[in-house]
Amino acid sequence: MNFNFDNNRIQSDTSRKSAVVSRDTVLIGIFGAIWGLMEITIGFTLKGLRIPMGGAILTAISCIIFLTGRFFISRHGSIFLMGAVAATIKVFSVGTVIAGPFMAILIEAGIAEILISIFKINRFSYILTSVTLSLYTIIHPFISQGIIFGDDIYQIYLETFKKIALIINLDPTYLIWILLFYVTIHFCLGFFVGWFSYSLSVRVSREIQVKLRHQSN
Amino acid sequence: MKKYILIFLIFITCAFLISWESQWYLALPVYLAIGLIHRDALRLVFRWKFLLFIFLILFGIPLFLGDQNATVLGIKYSYEYFQKSTVMVNRSLIILFSIRMVTGKTSPEQVSNLFKKMRLKNFSEVYSIAMTVLPDLKYIARNSFQHASSSPPDSHIFKKLYEKIVILMVGVLGLADQYYQNQNFHNKKH
């Protein structure tokens with residue numbers, strides 16, 4: 001495969017108008033397609049197998065894809081565009097519009113876009129984005145169930161836990177510890193993913209530089 | 001599409017306004033309307049998993065939670081939680097049926113157009129690129145993973161996976177560059 005990159009990073013040339021497709025547009029399209037492909041294949045597999053923390057795992061893989069993509073794109077709004085492409089691909093894969101995953105991808109992309117736009121591209125922003133999205137996967141079901149069932153569902157959850165705790169002789173304060181443990185796992189996963197995504201992006205950038213040097217020799 | 005979104009919003013408002021007293025004259029007309037607009041939306045009730053879920057909310061919760069202050073056929077249950085469960089079931093049914101109605105009446109092309117109307121810059125361009133490169137991406141993904149399997153057998157499984165991902169990403173960026181060059185060449189030619 002021949003590389004014709006202008007620099008060690010793929011240069012943004014959004015200044016070129018209309019007829020010429022910009023490099024950023026191509027990269028957004030391609031990374032959006034990878035994200036969409038992943039959502040179809042791994043997403044459906046995880047859902048089918050009902051793996052615990054499936055949502056967090058799927059979000060982690062998505063983060064690696066769009067954060068690596070964003071490293072090579074200098075355009076604001078690119079993560080949201082990638083998300084829009086991925087969401088539409090997921091819609092096409094089923095044949096009809098499925099509202100849940102469609103909204104989840106867009107919310108994910110929106111949060112990531114805001115954070116990366118504020119904190120720019122660096123290891124800290126990558127970790128922050130991944131941790132935020134990973135933690136968001138914990139509260140997402142509660143938000144969606146709150147919308148669907150109303151406020152009463154929270155009271156039912158709390159009462160059910162108290163009742164179960166009473167049956168198995170568990171102190172209700174353990175709920176805080178269980179929650180803390182769950183949050184810690186998600187935090188660690190997000191931290192690792194953010195760290196990994198940035199390292200991966202740097203490594204890929206270096207690999208491209210090496211390939212370019214080989215080609216120029 | 002606009003018409004269905006408006007109807008959807010009306011139904012969702014009904015779902016949010018629902019209470020123990022108002023549920024029957026709010027919920028029943030909505031079910032009827034959804035049945036008339038898009039009958040397939042109601043097919044959800046024929047799924048046993050869904051029925052089991054509704055059954056558990058409607059009867060499981062009042063039997064398990066709250067003060068068991070009411071009796072039916074000698075079985076004690078909580079009247080307060082029965083009221084809450086009924087409202088919850090009606091609210092969730094209206095929302096789920098409404099979503100199915102609006103999505104059943106919307107095509108993926110209309111969703112794509114919606115993004116364009118949201119003024120997402122270059123969405124149609126980006127989307128057409130994504131659809132064009134999908135087969136190439138599958139090929140690159142397969143190749144990257146086969147290539148990396150020739151790495152030293154004693155290397156750690158995570159290191160192997162990492163190398164595979166690096167190769168995949170380099171391949172993807174190469175594809176992006178090739179696509180970009182081809183497009184430019186094609187445009188210059190014309």
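In the text below, chain A, chain B and the rest are named by the order of the sequence lines, each starting its count at 1.
Using a 4.5 Å heavy-atom threshold, the side chains of A:E159 and B:F64 count as separate.
Of all the heavy atoms in A:A33 and B:L137, the pair that sits closest is CB-CD1, 3.5 Å. B:I129 and A:G29 get closest at one heavy-atom pair: CG2-CA, 4.3 Å. Here the closest non-hydrogen pair linking A:V26 and B:A176 is CG1-O, 3.5 Å.
Of all the listed residues (A:Q155, A:Q145, A:M82), the one sharing the greatest number of non-hydrogen pairs under 4.5 Å with chain B is A:Q155. Among A:T68, A:I153, A:I147, the residue with the largest count of heavy-atom pairs under 4.5 Å with chain B is A:I147. Note: B:R91 leads B:R100, B:R91, B:M88, B:K84 in heavy-atom pairs under 4.5 Å with chain A. In terms of non-hydrogen atom pairs under 4.5 Å with chain A, the most contact-rich of B:S128, B:G66, B:A130 is B:A130.
Judged purely by atom type and a 3.5 angstrom limit, A:K163 has no side-chain atom pairing as donor or acceptor with the backbone of B:L65.
When heavy atoms are compared at a cutoff of 4.5 Å, A:L37 approaches chain B solely by way of its side chain, counted from C-beta outward. Both the backbone and the side chain of A:T160 come within contact range of chain B, judged by heavy atoms closer than 4.5 Å. Heavy atoms of B:V166 lying under 4.5 Å from chain A belong to its backbone as well as its side chain.
The CD1 atom of A:I148 sits 13.0 Å away from the CD1 atom of B:I94 when rounded to the nearest 0.5 Å. Here B:I57 contributes atom CD1 and A:D152 contributes atom CG; the two are 11.5 Å apart, rounded to the nearest 0.5 Å. The distance from the CD1 atom of B:I61 to the CD1 atom of A:I156 is 4.0 Å, given to the nearest 0.5 Å. Interatomic distance, CD1 of A:I34 versus CE of B:M169, reported as 5.5 Å (0.5 Å rounding).
Note: A:F196 and B:Y162 have perpendicular aromatic rings, judged against thresholds of 30 and 60 degrees for the angle between ring planes.
In this structure, B:D40 places its CG atom where more than 12 heavy-atom neighbours from other residues, nucleotides or ligands lie under 6.0 Å away. Annotation: B:F55, atom CZ; neighbour count of heavy atoms from other residues, nucleotides and ligands within 6.0 Å does not exceed 12. Other residues, nucleotides and ligands place no more than 12 heavy atoms under 6.0 Å from the CZ atom of A:F142. Enclosure of atom CZ in A:R123 by more than 12 non-hydrogen atoms of other residues, nucleotides or ligands within 6.0 angstrom is indicated. Enclosure of atom CG in A:D151 is not indicated, since only 12 or fewer non-hydrogen atoms of other residues, nucleotides or ligands lie within 6.0 angstrom.
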(request) Could you please spell out the steps behind the side chain to side chain contact (heavy atoms under 4.5 Å, CB included) verdict for A:I89 and B:Y127? (result) CA-CA 9 Å; A:I89 287 174; B:Y127 189 71; 4.2 Å; yes

Considering only distance and modelled atom types, tabulate donor-acceptor pairs under 3.5 Å from the side chains of residues 16-27 of chain B, sequence neighbours left out.
residue, atom, partner, partner atom, Å
B:S19, OG, B:S22, N, 3.3
B:S19, OG, B:S22, OG, 3.0
B:S22, OG, B:S19, N, 3.0
B:Q23, OE1, B:N90, ND2, 2.6
B:Q23, NE2, B:W20, O, 3.4

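Using a 4.0 Å cut-off between a side-chain N of Lys or Arg and a carboxylate O of Asp or Glu, B:E163 and A:R203 qualify as a salt bridge.
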